[in-house]
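Worksheet: the structure to be examined is printed underneath.
Just so it is clear, the structure is predicted and the values come from calculations on it, not from any experiment. Only heavy atoms go into these numbers, but all of them, side chains included; no hydrogens, no water, no symmetry mates. Residue numbering restarts at 1 for every chain, and letters A, B, ... go by the order of the sequence lines.
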There are 2 protein chains.
Amino acid sequence: MVTAVKTRTRALRAKVATATLANGVQAPALPVNRILKGDCIDMMRSLPTGSIDMIFADPPYNLQLGGDLARPDGSHVDAVTDHWDKFDSFAVYDRFTREWLSEAYRLLKPNGSIWVIGSYHNIFRLGTMLQDMGFWILNDIIWRKTNPMPNFKGTRFTNAHETLIWAAKSEKAKYTFNYRAMKTLNDELQMRSDWVLPICSGKERLKRNGTKAHPTQKPESLLYRVILATTNKGDVVLDPFFGTGTTGAVAKRLGRNWIGCEREDDYIEVAQERIDLALPLDESALKTMQSKRAAPKVPFGSLVESGWLTPGTVLADKKRRWQAVVRADGSLAVGEDTGSIHGMGSKVQNAASCNGWTFWHFMDKGEMKPIDVLRQRYLLAVED
Amino acid sequence: MVTAVKTRTRALRAKVATATLANGVQAPALPVNRILKGDCIDMMRSLPTGSIDMIFADPPYNLQLGGDLARPDGSHVDAVTDHWDKFDSFAVYDRFTREWLSEAYRLLKPNGSIWVIGSYHNIFRLGTMLQDMGFWILNDIIWRKTNPMPNFKGTRFTNAHETLIWAAKSEKAKYTFNYRAMKTLNDELQMRSDWVLPICSGKERLKRNGTKAHPTQKPESLLYRVILATTNKGDVVLDPFFGTGTTGAVAKRLGRNWIGCEREDDYIEVAQERIDLALPLDESALKTMQSKRAAPKVPFGSLVESGWLTPGTVLADKKRRWQAVVRADGSLAVGEDTGSIHGMGSKVQNAASCNGWTFWHFMDKGEMKPIDVLRQRYLLAVED
DNA sequence: CATAGACCTGAATCGGTCT
DNA sequence: GAGACCGATTCAGGTCTAT
């Protein structure tokens with residue numbers, strides 16, 4: 001039962017978006033591109049079997065925190081103490097986990113896959129249950145945070161990562177993995193199981209009345225990589241713990257359909273607003289590399305992934321003789337041609353080689369600047 | 001029942017090593033610095049309850065490999081297909097895991113801790129079982145491999161890490177963590193939960209007749225960090241899955257006692273040879289990293305008492321917003337108020353707490369310096 | 001206006017001891 | 001076992017303020 005009340009405008013917009021995104025393909029009989037208000041297990045029960053291509057789930061971590069924690073300077077640490085993260089025991093947490101995972105299993109198409117994210121408090125229980133239910137684990141992925149919270153007391157190792165598990169419905173399933181796009185995104189090296197990404201902060205962090213809207217908002221760069229790697233355009237992505245809607249916002253940007261389940265009105269409101277503002281990328285930007293030609297010498301893809309450059313952005317050489325469009329996997333398109341920033345640079349100039357970093361420029365405060373500037377900024381921001 | 005047969009020479013050497021390592025402390029009534037030959041569960045049952053300080057366990061990974069794997073060029077991949085890594089099902093693996101973990105729990109001292117290492121095939125089951133048995137997880141650690149095996153088929157993310165779990169026997173246990181040593185090792189930054197280390201290869205990789213002696217030999221750097229972080233000199237480290245004895249070799253180098261369980265004669269032979277060659281570090285090398293916390297505590301009054309600060313000296317915070325006068329008994333006076341350096345620090349700031357050592361400053365050669373500087377000088381002077 | 005520095009804060013199973 | 005009270009403790013990035 002879908003209880004989310006949408007305005008007529010929103011429903012229309014969602015429908016239009018679906019038709020556009022699915023791009024000719026029959027739209028599924030699903031409440032796509034909408035937030036379903038209510039308990040996630042109830043909401044999932046309302047959806048048809050075998051209708052979902054990918055599930056991304058960021059369930060409560062079952063943190064077992066003691067008392068208050070104060071920093072050395074006396075300031076208060078705003079830990080996660082929300083009621084939705086309270087479970088009396090492992091048994092209760094396990095029961096809850098089994099329930100929503102059973103629904104997830106039912107909803108996934110035979111070749112669909114699921115992602116879950118967690119910390120050491122809950123990830124082992126999630127992984128064990130996935131295996132026990134017949135899911136086939138494909139990878140465990142480590143999100144290495146560039147800027148984690150330090151360990152104030154100096155009593156343990158700084159908890160500087162979170163773990164994601166990616167699993168298919170069965171050992172034999174033909175799951176989606178965009179190997180080529182991942183390789184392009186990673187400097188023409190295979191994408192590894194450890195991902196270095198900053199936590200969500202600054203402008204990206206959603207605020208309400210000056211304080212953070214949600215205690216555990218995930219960075220868009222994380223979802224970008226997840227969705228780009230394991231879904232195709234037009235696929236339906238379900239997020240049972242929608243929160244502030246990072247999954248929906250990135251899915252929309254990447255031309256995927258999405259469904260979110262969320263209980264709290266505050267989160268729904270923030271999420272809907274955010275997704276309404278997200279702009280889908282245009283067709284050419286979304287095409288990912290199919291050929292093996294491109295060989296970028298630097299991880300240009302990282303700039304795209306982490307939002308320093310938006311897919312669809314038009315780059316040009318300094319004198320604006322040629323233009324190129326940035327695509328989702330970090331490749332460039334010049335007309336029908338696609339390739340790396342270096343390859344396309346040399347191609348348009350009919351030159352043997354070209355350093356794409358200095359050749360291609362972008363507009364910054366009304367000025368043309370080489371994309372190398374962005375690389376420098378990125379390095380400064382991300383470097384360990 | 002200890003079934004390992006040692007030569008007289010080896011037994012003697014082991015005994016001498018124990019006496020030297022324990023350094024005056026009564027040697028435990030344990031077969032320390034020896035390899036116990038036999039099934040690890042049987043061997044563990046032969047040891048006394050509460051006798052072990054730390055356990056490092058690298059159990060079989062329960063890899064679920066189908067047929068043979070060949071590289072793109074047709075060459076054969078030497079995967080882990082040894083008979084000891086075959087389990088009929090998760091249930092069998094779980095039963096095995098529960099058995100040896102129960103023994104581990106029994107053997108550990110109340111404040112001892114355990115490390116387990118695994119991949120996504122088994123680590124979730126290990127973690128869940130640790131939690132279910134009452135172990136208290138302290139950290140999960142990611143060993144990020146600088147040179148992992150690539151994913152030849154391009155069907156998944158390159159599996160570039162393994163996961164370790166560090167756990168104490170209970171929530172309230174006073175486990176050992178050499179915070180200072182870890183911080184020193186990490187360029188004066190807190191050691192994080194992600195460790196970047198190369199896999200074991202080159203000269204370090206033990207060979208027998210030209211092929212690797214063990215399929216999953218761990219690098220010594222990994223054990224070095226584990227043992228240095230969570231044991232003290234003279235502690236007893238148990239490794240139930242000893243293999244080629246990396247744990248023993250590093251324990252010996254670091255002045256720790258060790259016990260290894262191993263079934264296979266081939267591994268025992270290689271391991272014993274290797275450990276015999278390992279040289280323990282000398283006293284001074286081992287002493288370098290002393291914990292700040294373990295350093296003798298200095299009451300502020302001692303500085304006054306011994307003349308490092310004269311009663312009547314005026315202290316101030318860094319921005320000189322507040323001033324305080326040192327009194328003869330080691331208390332501070334701010335106006336009519338008096339109290340400890342910490343109490344007065346929090347009082348003037350209206351904060352819950354305050355570290356007076358870093359808050360209050362004194363004038364030294366025309367410069368404001370925290371009184372912690374005086375504490376350091378005092379410690380240096382007293383230590384000699 | 002640019003730069004330097006102060007201040008704030010992020011999924012955290014984060015103390016010890018005595019009453 | 002709960003609670004009071006004392007004491008010791010932090011890294012990186014974003015934002016704001018003072019110079």
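- For an aromatic pair to be called close, the ring centres must be under 6.0 Å apart, and B/Trp166 with B/Trp115 satisfies this.
- Nearest heavy-atom pair, B/Leu228 versus B/Asn178, reported as atom, atom and distance to 0.1 Å: O-ND2, 2.7 Å.
- Look at CH2 on B/Trp136: it is 11 Å from P on C/dG15, rounded to the nearest Å.
- Of all nucleotides listed (C/dA11, C/dC14, D/dG7), C/dC14 comes nearest to the side chain of A/Arg156.
- Where A/Asn151 and A/Cys200 each meet DNA chain C at their nearest nucleotide, the meeting point lying more 5' is that of A/Cys200.
- Taking a 6.0 Å sphere around NZ of B/Lys347, one finds it holds 12 or fewer heavy atoms contributed by other residues, nucleotides or ligands.
- A cation-pi contact, defined as under 6.0 Å to the ring centre and within 45° of the axis, links B/Lys169 to B/Tyr105.
- Picking from C/dA11, D/dG13, D/dC11 the nucleotide with the shortest atom distance to the side chain of A/Ser201 gives D/dG13.
- Dashed line: the shortest gap from a side-chain N or O of A/Lys203 to OP1 or OP2 of D/dT15 is not under 4.0 Å.
- Using a 4.5 Å heavy-atom cutoff, the side chains of B/Val334 and B/Trp322 are not in contact.
- As judged by a 4.0 angstrom heavy-atom cut-off over every strand, A/His121 is placed among the base-contacting residues.
- Across C/dG15, C/dA12, D/dG14, the shortest atom-to-atom separation from the side chain of A/Met149 is found for C/dA12.
- For the pair A/Phe152 and A/Gly202, nearest-nucleotide mapping onto DNA chain D gives the more 5' position to A/Phe152.
- Across all strands, A/Thr216 comes closer than 4.0 Å to base atoms (heavy-atom distances).
- Taking the side chain of B/Lys183 as heavy atoms from C-beta on, and the options C/dC14, D/dT10, D/dG7, the nearest nucleotide is D/dT10.
- D/dC6 atom P lies 18 Å from atom CZ of B/Phe359, rounded to whole Å.
- Put simply, CG on B/Asn139 is 14 Å from C1' on C/dA11, counting in whole angstrom units.
- Rounded to whole angstrom, the span from the NZ atom of B/Lys172 across to the P atom of C/dG16 amounts to 10 Å.
- Residues satisfying the side chain to side chain donor-acceptor pair (under 3.5 Å) criterion with A/Thr163, sequence neighbours excluded, are absent altogether.
- Applying the 4.0 Å criterion to OP1 and OP2 of C/dA11, one finds that A/Arg205 has a side-chain N or O inside that range.
- C/dC14 and D/dA12 are spaced 22 Å apart, taking the P atom of each and rounding to whole Å.
- At whole-Å resolution of the value, CZ in B/Arg192 and C1' in D/dT10 are 14 Å apart.
- Among the heavy atoms of the strands lying under 4.0 Å from A/Pro59 is at least one base atom, whether or not backbone atoms are also near.
- Considering only heavy atoms from C-beta on, A/Phe242 stays 4.5 Å or farther from A/Ile268 through its side chain.
- Across the C1' atoms, D/dT10 and C/dG10 are found 12 Å apart, a figure rounded to whole Å.
- Rounded to whole Å, atom C1' of C/dC14 lies 10 Å from atom CG of A/Asn159.
- Within 4.0 Å (heavy atoms only), B/Gln131 reaches at least one base atom of the nucleic acid.
- One interatomic measurement links the two molecules: NZ of A/Lys153 to P of D/dG7, which rounds to 14 Å at whole-angstrom precision.
- As rounded to the nearest Å, C/dA12 and D/dT9 have C1' atoms that lie 14 Å from one another.
- A cation-pi contact links A/Arg125 to A/Phe90, judged by a cut-off of 6.0 Å to the six-membered ring centre and 45° from its axis.
- A search for side-chain contact (heavy atoms from CB on, under 4.5 Å) contacts involving B/Arg98 returns B/Ser102, B/Met129, not counting sequence neighbours.
- The CG-P distance, from A/Leu63 to C/dG10, rounds to 14 Å in whole Å.
- Counting non-hydrogen atoms under 4.0 angstrom, A/Lys218 reaches a base of the nucleic acid.
- For B/Tyr179, taking side-chain heavy atoms from C-beta onward, the closest of the listed nucleotides D/dT10, D/dC11, C/dC14 is D/dT10.
- In this structure, the nucleotide among D/dT10, D/dG7, C/dA11 sitting nearest to the side chain of A/Asp58 is C/dA11.
- Counting non-hydrogen atoms under 4.0 angstrom, B/Leu138 reaches nothing in the nucleic acid.
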Legend entry - Bracket notation of DNA chain C in which parentheses pair within the strand, [ ] cross earlier pairs, and | pairs with another strand (Watson-Crick or G-U, under 3.5 Å): .|||||||||....|||||
